[in-house]
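On a predicted model such as this, the values are computed, not experimentally measured, just so you know. Lettering follows sequence order; numbering is per chain, from 1.
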There are 2 protein chains.
Amino acid sequence: MWTVSTLSYAAQVSVTSYHHGNLRAALVETGLAMARESGPDGVALREVARRVGVSHNAAYRHFADREALLGEIAQVGMQRLTEAMHQRMAEVVPGLDAVARAQARLRAVGRAYVEFALAEPGLFRTAFSALAHASPVEPAGTAEEDQGPYALLNTVLDELVEAGHLAPERRPSADVTCWAGVHGIAVLHLDGPLAGAPEAEREATMVRFFDIVERGLGGGPGGGPG
Amino acid sequence: MWTVSTLSYAAQVSVTSYHHGNLRAALVETGLAMARESGPDGVALREVARRVGVSHNAAYRHFADREALLGEIAQVGMQRLTEAMHQRMAEVVPGLDAVARAQARLRAVGRAYVEFALAEPGLFRTAFSALAHASPVEPAGTAEEDQGPYALLNTVLDELVEAGHLAPERRPSADVTCWAGVHGIAVLHLDGPLAGAPEAEREATMVRFFDIVERGLGGGPGGGPG
DNA sequence: AACTCAGTGTTGACACTGTCCACATTCTCG
DNA sequence: CGAGAATGTGGACAGTGTCAACACTGAGTT
């Protein structure tokens, strides 16, 4: 009955069998597409099943809930976000001194975060809608790569400390501050009062934000310049 | 049939008439209560009508859509948020010099924002869920009071400029940066990976955030302290 | 080779939702 | 008083998530 799409189902089996062979993956993939189109609310279990070419309820053999499927999709979304950040971070040209390089990499991950949110609004919203997944913030030292956006941010911030721009005693403040700021910019542009702002303005906002953060983080152990 | 609650329907009429007399207000009020309980998704048109004691569909005489009702509720939520910010801002003791006072007021509005989000998660989510309402960010000068959170923030930032702590050329950067940061902190604690963080940690995060922002905003026209 | 049985997919049902339609009642105004 | 505009009602339709009972298939055991 159902036509097998030409997409990348890892272990595609005979085309007209009763068993789909890879339903779970297919559901996630199709659900992902729907999430990209219309966000978490656009992912209807029945519609996903319909598109995959399987009856409603079939999904219940692989997911306890709609929530469970959505969680899986959210996880993929989070992964995509991480990849985007990683890529932008790696694109930073290497011909700079340590401080400039670390600063550029910090700006790169931040910019990637916002860019991703605006380029993939549905996926971004989905990733943050049902997060029974991600651990409630890993401790700030566990910074191996591809462990999530937070780990990536921490990596860059540690580089900034090493380079000598970020005073160590302000290091603990830095991660959540940066994250919150960038997330706030993303959300306000996505679902907030800044939605529809022209790109130039958004770009200016980003630059100014990073200027302030860099200024706020950098320098010696003393208080502010006042 | 429907029992009239003891709440504040502005123009309550005869108890057993065919016409409710104040349906619109009653719907908003009840919808608001449901939004507080379970966020925007918890506001079901039929259930609202049921609780008010009126048939489903009655709401359609007063709202074009579920979306329209939700928008009205969101507006009330925004108003509550503004009030909370206003109050915390007014509570700042007056016995300080101009700079300290302005800084304290900035921290107060920011803290109020986050506190409100965590104290009224459903309402906060609702306020930011369907915002076909609020104008896409008023220009940064239009800062009369009770015009919304953004106007309030601008007021405080202007005070900071007047007091001499915020360099005028960094003023345009300040509003969105502060807003985004505070909004990010709120959202990450509400729906993000920081959910469930203990209050002490959240408090520390807030303090650190404001330290960085203050440092980043303050001081002379020169670049960072590096 | 036949049988069993767990895994997987299907059909049918239920309760719930938003929304449209036609109808009923009431209020207001001429 | 009577007409017409407001307002509330009931029924219907399509859509949703979820549960329970049934059907098919494939892998392993005897």
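At a cut-off of 3.5 angstrom, the base of D:dG11 holds at least one donor-acceptor pair with the side chain of B:His56. Side-chain atoms of A:Arg61 and base atoms of C:dG7 include no donor and acceptor less than 3.5 Å apart. For B:Asn57 against D:dG10, a side-chain-to-base donor-acceptor contact under 3.5 Å is present. The base of D:dG17 is paired with the side chain of A:Arg46 by a donor and an acceptor separated by under 3.5 Å.
The separation between B:Leu23 atom CG and C:dT25 atom P is 18 Å, rounded to whole Å. Remark: C1' of C:dT17 and CG of B:Asp41 are 12 Å apart, rounded to the nearest angstrom. When the C1' atom of D:dT7 is taken as reference, atom CG of B:Asn22 falls 13 Å away, rounded to whole Å. Between A:Leu45 atom CG and D:dC19 atom C1' the separation is 13 Å, expressed in whole Å. A straight line from CG of B:Leu70 to C1' of C:dT19 spans 16 Å, rounded to a whole angstrom. Rounded to whole angstrom, the span from the CZ atom of B:Arg50 across to the C1' atom of C:dA15 amounts to 10 Å. One interatomic measurement links the two molecules: CZ of A:Phe63 to P of D:dG17, which rounds to 14 Å at whole-angstrom precision. Following rounding to the nearest Å, B:Asp65 (CG) and C:dC20 (C1') show an atom-to-atom distance of 12 Å.
A salt bridge does not link B:Arg125 to B:Asp41: none of the charged side-chain nitrogens sits closer than 4.0 Å to a carboxylate oxygen.
Panel note: side chain A:His86, backbone A:Thr82; no donor-acceptor pair is recorded below 3.5 Å.
You'll find the side chain of A:Asp191 stays beyond 4.5 Å of the side chain of B:Phe128, heavy atoms only. In this structure, the side chains of A:Met206 and A:Val114 come closer than 4.5 Å at one or more pairs of heavy atoms.
For C:dC20, neither phosphate oxygen OP1 nor OP2 lies less than 4.0 angstrom from any side-chain nitrogen or oxygen of B:Tyr60. Taking only side-chain nitrogens and oxygens, B:His62 comes nearer than 4.0 Å to OP1 or OP2 of D:dG8.
Across all strands shown, A:Arg24 has no heavy atoms under 4.0 Å from either base or sugar-phosphate atoms. Note on A:Arg66: only backbone sugar-phosphate atoms sit closer than 4.0 angstrom, heavy atoms only; bases stay farther off. Using a 4.0 Å heavy-atom cutoff across all strands shown, A:Ala44 reaches sugar-phosphate atoms only and no base atom.
Checked against A:Arg105 for a side-chain contact (heavy atoms from CB on, under 4.5 Å), the options A:Glu91, A:Arg88, A:Met89 give a single hit: A:Met89.
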